[in-house]
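Just below is one structure, and these are the notes that go with it.
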Protein chains: 2
Amino acid sequence: MPRIRHTTLTCSPGCTVEATLELFGGKWKALILYHLFEDGVLRFGEFRRRMPNVTQRMLTNQLRELEADGLISRTVFPEVPPRVEYELTDLGKTLKPVIQALKKWGDRYAHALQGRETGT
Amino acid sequence: MPRIRHTTLTCSPGCTVEATLELFGGKWKALILYHLFEDGVLRFGEFRRRMPNVTQRMLTNQLRELEADGLISRTVFPEVPPRVEYELTDLGKTLKPVIQALKKWGDRYAHALQGRETGT
DNA sequence: GCCACTAGTGTCAGGAATGATACCATGCCG
DNA sequence: CGGCATGGTATCATTCCTGACACTAGTGGC
């Protein structure tokens, strides 16, 4: 369900920039990663509480895609009621500086984002 | 034409991450910015040559959106044939660490992006 | 006159991304 | 037995994004 991926990373010198962006360019992926960096481990329901305006379906989707990309791991505990924990993989953890850079910029230049269409 | 923007940056602590991403989350925006960081000033046609698989319409679109967001400036020279130059604004230049972080990650972990659907 | 060049714009269409809503299994609690 | 909790799925609809293609203006060159 993500956009088309780059396979040959030779299309242009900046191609890897695009390719990286495709990994967490999904509408909520960066937010998911951000919360994982903050909290370490999160259950499905905790994500829901932290991101109330994301539908269950979208959340599942984005989590699965992040998992498929090897950025997060999903652990199911065979309990009732079910428990599923998500956490960053080693690869996912390497994204920390990237997310941090995004956050830092956003915090500093948030004013540049104002005055747009209505959003969340 | 971009996705819905955040106006109140209070939806969640990581909201600014998403908001920042919306600025250059467009399919080709990061690439445009990247080339501008590399070359400083670029004409429309130079973008086309650097990004051959982007249609003219998309390129115009993405450039206009970046301009509307105050990240790049567009200077028209009243000549024939017409000449239009694009360059980063001061605000746009502040994104450099972010783009660099993306590039750095992509270059290092490109292997994690392999084996996906066909792309460019 | 005819063609080329640059930097676009207009229109249309297809597909992907997203959202709303309803539904499921299991086991505990009362 | 009924209801609740968790972590999902399934289906459908819609909206948004993206691309293909054709077309434009003004001038220079042949």
Side-chain angles (χ1 to χ4, degrees), chain A residues 1-6 11 18 21-32 41-69 72-87 116-120, chain B residues 1-6 11 18 21-32 35 41-68 72-87 116-120:
Chain A
M1 207 176 266
R3 306 187 189 177
I4 299 146
R5 301 305 182 93
H6 293 245
C11 40
E18 279 298 315
L21 219 37
E22 281 165 8
L23 274 186
F24 58 91
K27 191 155 184 182
W28 309 105
K29 288 184 188 173
L31 204 44
I32 290 172
V41 181
L42 283 171
R43 298 180 54 178
F44 190 81
E46 294 177 313
F47 277 119
R48 296 207 66 191
R49 254 163 269 134
R50 276 163 181 73
M51 305 152 73
N53 41 359
V54 184
T55 59
Q56 210 164 14
R57 203 184 74 89
M58 278 315 304
L59 188 52
T60 307
N61 246 315
Q62 305 278 293
L63 286 167
R64 290 294 150 83
E65 285 180 19
L66 288 169
E67 191 196 0
D69 285 328
I72 66 175
S73 68
R74 178 171 175 272
T75 313
V76 183
F77 294 86
E79 306 170 359
V80 170
R83 185 157 64 98
V84 179
E85 287 185 354
Y86 293 92
E87 62 185 315
R116 318 238 169 255
E117 307 90 298
T118 39
T120 51
Chain B
M1 206 175 266
R3 306 187 190 179
I4 298 147
R5 302 305 182 94
H6 293 245
C11 41
E18 278 298 313
L21 219 38
E22 281 166 8
L23 274 186
F24 58 93
K27 191 157 182 183
W28 308 105
K29 289 185 187 171
L31 204 43
I32 290 171
H35 284 301
V41 181
L42 283 172
R43 297 180 55 178
F44 189 80
E46 293 177 313
F47 276 119
R48 296 207 67 191
R49 252 163 272 134
R50 276 165 182 71
M51 304 151 73
N53 41 359
V54 184
T55 59
Q56 210 164 14
R57 203 183 73 90
M58 278 313 304
L59 188 52
T60 308
N61 246 315
Q62 306 278 293
L63 286 168
R64 290 293 149 82
E65 286 180 19
L66 288 170
E67 190 195 0
I72 65 174
S73 69
R74 179 172 174 271
T75 313
V76 183
F77 294 85
E79 305 171 0
V80 169
R83 184 157 65 98
V84 179
E85 286 185 355
Y86 294 91
E87 62 185 314
R116 318 237 169 256
E117 306 90 302
T118 38
T120 51

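A, B, ... follow the sequence lines: proteins, then strands. Residue 1 opens every chain. What you see is a predicted model, and the numbers here were worked out from it, not measured in a lab.
- Residues Gln62(B) and Val54(B) have side chains not in contact (no heavy-atom distance under 4.5 Å, counting atoms from C-beta outward).
- Computed from coordinates, the Leu63(A) CG to dT18(C) P distance equals 14 Å when rounded to whole Å.
- Not one side-chain nitrogen or oxygen of Trp28(B) sits closer than 4.0 Å to the OP1 or OP2 atom of dC17(D).
- Ring geometry for Tyr86(A) versus Phe44(A): interplanar angle of 30 to 60°, hence tilted.
- Residue Met58(A) places its side chain closer to dT18(C) than to any other of dG8(D), dG8(C), dT18(C).
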Practice problem: Could you encode protein contacts along nucleotides 20-30 of chain D as a string, one character per nucleotide from 5' to 3', using B for base contact, S for sugar-phosphate-only contact and - for no contact, with a heavy-atom cut-off of under 4.0 Å? | Solution: B-----BS---

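- Residue Leu59(A) contributes atom CG, which lies 14 Å from atom P of dA20(C) at whole-angstrom precision.
- For the pair Glu79(A) CD and dC4(D) C1', the computed distance is 17 Å after rounding to whole Å.
- Nucleic acid contact class of Phe47(A) (heavy atoms, under 4.0 Å, all strands): none.
- As judged by a 4.0 angstrom heavy-atom cut-off over every strand, Arg48(B) is placed among residues making no nucleic acid contact.
- Lys29(B) places its NZ atom 13 Å from the C1' atom of dT18(D), with the value rounded to the nearest Å.
- Both Arg43(B) and Gln62(A) sit near DNA chain C, but only Arg43(B) has its closest nucleotide nearer the 5' end.
- Glu85(B) meets the side-chain contact (heavy atoms from CB on, under 4.5 Å) test with Val41(B), Arg43(B), Phe77(B), Arg83(B); sequence neighbours excluded.
- Side chains of Leu21(A) and Phe24(B) form a contact here, defined as non-hydrogen atoms less than 4.5 Å apart.
- Across the protein-nucleic acid pair, Arg83(A) atom CZ and dT26(C) atom C1' stand 16 Å apart, rounded to whole Å.
- Under the 4.5 Å side-chain criterion, counting only non-hydrogen atoms from C-beta, Leu63(A) is not in contact with Arg74(A).
- As rounded to whole Å, 8 Å separates atom P of dG7(D) from atom CZ of Arg49(A).
- At the phosphate of dG8(D), OP1 or OP2 sits under 4.0 Å from a side-chain N or O atom of Arg74(A).
- If you measure from atom OH of Tyr86(A) to atom P of dG7(D), you get 8 Å, rounded to the nearest angstrom.
- For Thr60(B), counting side-chain heavy atoms from C-beta on, the closest listed nucleotide (dG19(C), dG8(C), dG19(D)) is dG8(C).
- Residues Ile32(A) and Met51(A) meet the side-chain proximity criterion, which asks for heavy atoms closer than 4.5 Å.
- Contact annotation: Lys27(A) does not reach the phosphate of dC16(D) (side-chain N/O to OP1 or OP2, under 4.0 Å).
- Counting any heavy atom pair closer than 4.0 Å across all strands shown, Phe77(A) reaches no nucleic acid atom.
- Contact annotation: the side chain of Met58(A) never approaches that of Lys27(A) to less than 4.5 Å [non-hydrogen atoms, C-beta and beyond].
- Atom CG in Asn61(A) sits about 17 Å away from atom P in dG7(D), given to the nearest Å.
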